[in-house]
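First the structure, in the form of structure tokens, and then the observations on it.
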There are 4 protein chains.
Amino acid sequence: MNSVQNNSVATTGSEKRRAQRIDQVLDAASDCFVEFGFHGAGMAKIAKRAGMSVGHIYHYFESKEAIIAAIVDRESDAAAERFAELESIPKEELVHVMAERARDMVESKADAFQSALNLEILAESQRNPQIACILHRQDEKVRGKFKSIIADKLGLPEADARTEVILSLFGGLATRIVRHPEIEREMLIPLLKQIMRQILQDHAKD
Amino acid sequence: MNSVQNNSVATTGSEKRRAQRIDQVLDAASDCFVEFGFHGAGMAKIAKRAGMSVGHIYHYFESKEAIIAAIVDRESDAAAERFAELESIPKEELVHVMAERARDMVESKADAFQSALNLEILAESQRNPQIACILHRQDEKVRGKFKSIIADKLGLPEADARTEVILSLFGGLATRIVRHPEIEREMLIPLLKQIMRQILQDHAKD
Amino acid sequence: MNSVQNNSVATTGSEKRRAQRIDQVLDAASDCFVEFGFHGAGMAKIAKRAGMSVGHIYHYFESKEAIIAAIVDRESDAAAERFAELESIPKEELVHVMAERARDMVESKADAFQSALNLEILAESQRNPQIACILHRQDEKVRGKFKSIIADKLGLPEADARTEVILSLFGGLATRIVRHPEIEREMLIPLLKQIMRQILQDHAKD
Amino acid sequence: MNSVQNNSVATTGSEKRRAQRIDQVLDAASDCFVEFGFHGAGMAKIAKRAGMSVGHIYHYFESKEAIIAAIVDRESDAAAERFAELESIPKEELVHVMAERARDMVESKADAFQSALNLEILAESQRNPQIACILHRQDEKVRGKFKSIIADKLGLPEADARTEVILSLFGGLATRIVRHPEIEREMLIPLLKQIMRQILQDHAKD
DNA sequence: AATGAATGAGACTTCATTCAT
DNA sequence: GATGAATGAAGTCTCATTCAT
């Protein structure tokens, strides 16, 4: 369901193979985690879906925790990148692009997988400091870029608040849509666009 | 951390005691679930914190699952009630009250809906149909009341969309605030109020 | 299903009540043991079926073991008595009566309950010396009476062997019929009568 | 006590080892079941006697139930085979061989069908449908072969009845002998032979 | 006499992890 | 690199028994 990455800068054939194997594990684990949760997915199930023996997984990962951490890393990298693309968008188009972004999120079911995993990750991050740290670091990155777009490119005040509210809204939307697939998504878009416009333009008055 | 309830309509002393004991278990379990997660919290830990033997918990609950379900029930009941209060608010004050509600959510850490337990519950609901069902039922209730307020009391069109967006925003905010306690909450309020106003008034144009 | 006994020689009303209560427990326990086995029948189930609280059963029986022992006693008493009746049968009718006894056993489903309990008891007796002892004592009694009938009343040699074979046959029949209720019982009777005759008359040659 | 089998058609060393391990478990479990009963024998005891960790047993058997089922299978297979041998016996010798069979049963304590395990199995079969089914299937096989021997080879009428009575007698004898090891077995043989002859020859008159 | 709340040991089972091959 | 046999701790749940009321 999810097997794009090949972050390896490897050149050796053996290292390439290694990276492939690691991705096999990560993909299998992601699937299992979505289906059964972090705790409900046993190493045996992951190994079977990865087409690999249980023992061999431990050649690539020190522990199950390490697999979780790697997935969180990979997943939050992907999320961060998506926001990063916004940096290169010219000022005039930004509001429009962000609004389209909202449409994508609302329309695409592709994020259902992602979002389900996200909930698992968020829950885990509450007691696993390592996960919490990874998440925090990534969030910092996203937040930073966003703020600079709002403050520098759009020249708006209160960049912090605008950033937090946008991120909250996107996060909440994603979660809500996974939980309620029956929602008619189309109808949300006009209202969302409107709100995006309001947040990203200087109408702000109290 | 959490020990308010006394829903018992009991009159007998023994029934009262029973209700007390049940609440002891529920409170202890809530604590443990927040601290260790649904699956990290063993019955032993819960029993110890409830001041009760493991075996005795099973006089009150058929299984650990049943405890989880009871907690979700209790928790989502509380959340639903909070939204239900809005029904009695007169039209003119509604936007204002909702905005204040956003402030409360942002300011108070105690809010159940923003609680850590909530994330655990959401994650669990993805694979536990019973939990999913409870959540869904409650959400239906909230959604219904909200829509009727927007459509009937405020006389606005697109009540569905407005409802979904508000609920998404509140949900996302709660989650984001638990994860980032360092956010300066105060600064969010003006922007949130503005958005609430926009959603609850008929400026809607695309 | 089984509640005849009232062995109490009691005169006091309170003792009568006591005996009644004890029989309630024994009857309930018999039922449960047949349905779930000795180990599968919890005290809770027995108590409920006896219309009595769990704790109160311990006023009458020291332990679950004691209940089992009491049942075995009662059950094997009943079985022994059935054989004892043979003593008063006149010589000429004995073969006929025994043959009829075989018919009864084969025809009556009433023994199914008994026989199911018997299997449970036999299995238990293999590791519970107390049960083994009770059973042994009763068997001794039955065997003794039988032998004396065969040797003294019928004047046959090898009374021991004849006794053992008859008891084996009856035991085996009972067990087989519980296990295979589909067997057409009627057809067995002529052959059984024939065998009874052979065992109880002096055709014995090798 | 019991470790004959090597049904494995395995050629690989690993498969051979696997079969060995499985037999270790089955042997250990048989021992424990005889000593403590199906429900008195904990997995811990079985594991210790099998020289294996508790957890590892679950690589070979899905559950304790599955172990019981496997033992019943093995045990009743052995019993069925013993009866199956009769098919190849020529007509004239049959009565004689059957009579000898009775002698063997009476004399040998090793006979599986008379083993203590058997009682345990019978008792269990009363509430465990899976066990009941295995037993029934085997019994069907034995009964079928027996009937065809009696009807076709010996040309006797009422093959059903004769079969049932013989099986009852053998079953009863086995049980009785386990319970009363003090019985002088030798003395039973002449009478048993006589009865076998009567059942397997056409003296039948009512 | 009677209740049922309460206990705690022990039952079966799962699972992350290790290690010989 | 690759396997899967093996471990043992820990998990959920049951149950005979006791005791305050």
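The figures here come from the full heavy-atom set of this structure, side chains too, leaving out hydrogens, waters and symmetry mates. By convention in this document, chain letters (A, B, ...) are assigned in the order of the sequence lines, proteins followed by strands, and residues within each chain are numbered from 1. In this text, all values refer to a predicted model and were calculated from it rather than measured experimentally.
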message = On DNA chain E, compare the nucleotides closest to B:Ile57 and C:Arg21; which residue's is nearer the 5' end?
response = C:Arg21
query = For the pair made of CD in D:Glu15 and P in F:dA5, what is the distance, rounded to whole Å?
reply = 11 Å
Rounded distance (Å) that lies between atom P of F:dA5 and atom CD of D:Gln24 = 14 Å
query = Can you check whether D:Arg17 has a side-chain N or O nearer than 4.0 Å to OP1 or OP2 of F:dG4?
reply = no
request  = Tell me what A:Tyr60 touches on the nucleic acid: a base, only sugar-phosphate, or nothing, going by heavy atoms under 4.0 Å.
outcome  = sugar-phosphate
task = Summarise protein proximity over nucleotides 15-20 of chain E in one line of letters, 5' to 3': B for base, S for sugar-phosphate only, - for none, counting protein heavy atoms closer than 4.0 Å.
result = -SBB--
note = To the nearest angstrom, the CZ-P distance between A:Phe36 and E:dT14 comes to 14 Å
query = Less than 4.5 Å apart, any side-chain heavy atom of C:Leu119 and any of D:Gln126?
reply = yes
request  = Output all residues satisfying side-chain hydrogen bond (donor to acceptor under 3.5 Å, both in side chains) with C:Arg127, sequence neighbours left out; order by chain, then residue number.
outcome  = C:Glu124, D:Glu120
Touch class at under 4.0 angstrom, heavy-atom based, for B:Arg18 against every strand present = nothing
Under 3.5 Å, which donor-acceptor pairs link side chains of residues 44-57 of chain A to any protein atom two or more places apart or in another chain?
| from | atom 1 | to | atom 2 | distance (Å) |
| --- | --- | --- | --- | --- |
| A:Arg49 | NH1 | A:Glu35 | OE1 | 3.2 |
| A:Arg49 | NH2 | A:Glu35 | OE1 | 3.2 |
| A:Ser53 | OG | A:His56 | N | 3.2 |
| A:His56 | NE2 | A:Tyr60 | OH | 3.3 |

Ion pair check, D:Asp23 and D:Arg18, cut-off under 4.0 Å = no
Those residues that, when tested against C:Ser125, pass side-chain hydrogen bond (donor to acceptor under 3.5 Å, both in side chains) (two or more places apart) = none
query = If we only count heavy atoms from C-beta on, is the D:His136 to D:Ile131 side-chain gap below 4.5 Å?
reply = no
Those residues that, when tested against C:Glu65, pass side-chain hydrogen bond (donor to acceptor under 3.5 Å, both in side chains) (two or more places apart) = C:Asn128
query = Nearest-Å distance, CD1 (C:Ile46) to C1' (F:dT14)?
reply = 14 Å
Partner residues of C:Phe33 under the ring pair (Phe, Tyr, Trp, His ring centres under 6.0 Å) criterion, sequence neighbours left out = C:Phe38
message = Of the options E:dA6, F:dG4, E:dG4, whose atoms approach the side-chain atoms of B:Ser53 most closely?
response = E:dA6
query = Which stems, defined as runs of 3 or more consecutive Watson-Crick or G-U wobble pairs with both pairing distances under 3.5 Å, involve DNA chain F?
reply = E:2-21 with F:2-21
side-chain hydrogen bond (donor to acceptor under 3.5 Å, both in side chains) involving A:Gln130 - partner list, sequence neighbours excluded = none
